[in-house]
Amino acid sequence: MKTWKRNGYRVVERPFDYDLHVFDIIRGDDEEVITTIYPATIEDMRSIIRDLDAGADVDGWEDGNGNTIRLR
């Protein structure tokens, strides 16, 4: 599992459903999970990982449950 650090938050990959992983968005040092991104498929999960590896910011992304992530 990987962790990506961004300005003011971090994204933590964790197991969810067999090979499918979710991504917790954690703000600050208090370990509060703000939201979790639930990819629908393994390919969606791989795409999220590629985007995060490339430095993408998750603000404005959808969480997989129809909600838009707002970090600001």
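These numbers come from a predicted model, not from an experiment.
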Original post:
Taking C-beta and beyond as the side chain, do P39 and F16 meet within less than 4.5 Å on heavy atoms?
Top reply: no

Subject >> With sequence neighbours excluded, residues passing side chain to side chain contact (heavy atoms under 4.5 Å, CB included) with D17 >> reply: L20

Original post:
When I25 is tested against each of D63, T36, V11 for side chain to side chain contact (heavy atoms under 4.5 Å, CB included), which residue passes?
Top reply: V11

Subject >> Atom pair CE/NE2 of M1 and H21 - distance to nearest 0.5 Å >> reply: 3.5 Å

Original post:
From E32 CD over to I26 CD1, what is the distance, rounded to the nearest 0.5 angstrom?
Top reply: 10.0 Å

For residues 40-54, tabulate all N or O donor-acceptor pairs below 3.5 Å that involve a side-chain atom, not counting sequence neighbours.
{"residue": "T41", "atom": "OG1", "partner": "E43", "partner atom": "N", "Å": "3.4"}
{"residue": "T41", "atom": "OG1", "partner": "D44", "partner atom": "N", "Å": "3.0"}
{"residue": "T41", "atom": "OG1", "partner": "D44", "partner atom": "OD2", "Å": "3.4"}
{"residue": "E43", "atom": "OE2", "partner": "R50", "partner atom": "NH2", "Å": "3.0"}
{"residue": "D53", "atom": "OD1", "partner": "K2", "partner atom": "NZ", "Å": "2.6"}
{"residue": "D53", "atom": "OD1", "partner": "W4", "partner atom": "NE1", "Å": "2.8"}
{"residue": "D53", "atom": "OD2", "partner": "K2", "partner atom": "NZ", "Å": "3.2"}

Original post:
More than 12 heavy atoms of other residues, nucleotides or ligands under 6.0 Å from CG of N7: is that the case?
Top reply: no

**OP:** Give the minimum heavy-atom separation between Y9 and D59, together with the two atoms involved.
**Re:** OH-N, 4.4 Å

Subject >> Presence of salt bridge, R14 and D24, under 4.0 angstrom >> reply: yes

Original post:
What distance separates W61 CH2 from L71 CG, expressed to the nearest 0.5 Å?
Top reply: 11.0 Å

Original post:
Do V12 and V33 belong to the same hydrophobic cluster, where Ile, Leu, Val, Met, Phe, Trp and Tyr are linked whenever their side-chain heavy atoms lie under 4.5 Å apart, directly or via other members?
Top reply: yes

**OP:** For T35, enumerate each residue passing the side-chain hydrogen bond (donor to acceptor under 3.5 Å, both in side chains) test, keeping only those at least two apart in sequence or located in another chain.
**Re:** none

